[in-house]
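We're numbering straight along the sequence, starting at 1. Since this is a predicted model, take the numbers as computed values, not measurements.
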Amino acid sequence: MSRQEKAQQTKNRISKIALALFNEKGFTNVTVDEIIEKADSSKGAFYNHFKSKHEIFAEKFKEIDNFYVEELFPQLKAEKVITLKLKQFLFMQMTYIEQDLGWDVVRTIYEQELNPERESYFSNPARPLYQFLIELLNEGIENNEIRDDLTAHQMHTVLIHAMRGILYDWGMNRGAFSLVERQALLFDVVIRGLEK
């Protein structure tokens, strides 16, 4: 095994163990020392891969975006109706978040993203999620399926605010409701408002 492969393996192990600890104990209750002890690693290895615990979440978001690009987006190509494509994407996205991330990880991500000293991954316009939504909305405008009195960027902002709102509410309520079921109601209303 090459040095690079070993380094990647170490990074993956630290990330996986840290996320499991965050889920189990809550982000603020987990220390870097605890992560490296459970990962059978060192502080040097941790800080070689991550600047802080928060960066593990940033890495997780990159993984999530890769999941969208590699898994979700290709599944939507067969669907021709833009509003159905949007609904299907949102269903798959919220299913993944509810089943694979969990409410405490979402709550912690929001908590960390609100720190003004950190650069927010949420607001990065180059995120694949944002690019995908803008492409879909432009396609919907061109196909005369979606209203044209708003730009794709304005409609994208509406969708993103709705996504953030439902995720924040779900995390704040400790996952007390089904994210998948609640998003269907919310986005049905939002998407109907975007239709021509």
Over 60° means perpendicular and under 30° means parallel, so classify the ring planes of Phe50 and Phe46, tilted if in between. tilted
Closest contact, heavy atoms only, [X] versus [Y]:
{"X": "Glu5", "Y": "Ser2", "value": "OE1-N, 2.9 Å"}
{"X": "Ile36", "Y": "Ser42", "value": "CG2-O, 3.5 Å"}
{"X": "Ala162", "Y": "Phe187", "value": "CB-CE2, 3.6 Å"}
{"X": "Lys77", "Y": "Lys85", "value": "O-NZ, 4.2 Å"}
{"X": "Gln75", "Y": "Glu71", "value": "NE2-O, 3.0 Å"}
{"X": "Ala39", "Y": "Ile17", "value": "CA-CD1, 3.3 Å"}

If you count heavy atoms of other groups shown closer than 6.0 angstrom to [atom1] of [X], is the number above 12?
{"X": "Gln154", "atom1": "CD", "value": "yes"}
{"X": "Asp40", "atom1": "CG", "value": "no"}
{"X": "Lys196", "atom1": "NZ", "value": "yes"}
{"X": "Gln131", "atom1": "CD", "value": "yes"}
{"X": "Phe67", "atom1": "CZ", "value": "yes"}
{"X": "Lys87", "atom1": "NZ", "value": "yes"}

Could you check if a side-chain atom of [X] sits within less than 4.5 angstrom of a side-chain atom of [Y], using non-hydrogen atoms only?
{"X": "Met163", "Y": "Leu90", "value": "yes"}
{"X": "Leu159", "Y": "His156", "value": "no"}
{"X": "Ile82", "Y": "Ile141", "value": "no"}
{"X": "Leu179", "Y": "Trp103", "value": "no"}
{"X": "Thr83", "Y": "Arg192", "value": "no"}
{"X": "Leu86", "Y": "Leu137", "value": "yes"}

To the nearest 0.5 Å, tell me how far [X] [atom1] sits from [Y] [atom2].
{"X": "Gln93", "Y": "Leu167", "atom1": "CD", "atom2": "CG", "value": "6.5 Å"}
{"X": "Met94", "Y": "Ser178", "atom1": "CE", "atom2": "OG", "value": "11.5 Å"}
{"X": "Ile56", "Y": "Lys11", "atom1": "CD1", "atom2": "NZ", "value": "10.0 Å"}
{"X": "Glu70", "Y": "Asp65", "atom1": "CD", "atom2": "CG", "value": "11.0 Å"}
{"X": "Glu181", "Y": "Glu98", "atom1": "CD", "atom2": "CD", "value": "8.0 Å"}
{"X": "His161", "Y": "Tyr168", "atom1": "NE2", "atom2": "OH", "value": "15.0 Å"}

Examine distances only and state if a side-chain atom of [X] and a backbone atom of [Y] form a donor-acceptor pair shorter than 3.5 Å.
{"X": "Gln183", "Y": "Val180", "result": "yes"}
{"X": "Lys53", "Y": "Val30", "result": "yes"}
{"X": "Tyr110", "Y": "Arg164", "result": "yes"}
{"X": "Glu79", "Y": "Leu76", "result": "no"}
{"X": "Arg147", "Y": "Gly193", "result": "yes"}

I want to know whether Phe89 and Tyr68 have ring centres closer than 6.0 Å. yes
Following the transitive rule for hydrophobic clusters with a side-chain heavy-atom cut-off under 4.5 Å over Ile, Leu, Val, Met, Phe, Trp and Tyr, establish whether [X] and [Y] coincide in one cluster.
{"X": "Leu84", "Y": "Met155", "value": "no"}
{"X": "Val69", "Y": "Tyr96", "value": "yes"}
{"X": "Ile134", "Y": "Ile191", "value": "no"}
{"X": "Ile166", "Y": "Met172", "value": "yes"}
{"X": "Ile14", "Y": "Tyr47", "value": "yes"}

Can a side-chain donor-acceptor contact be found between Asn138 and Glu142 if the only test is distance below 3.5 angstrom? no
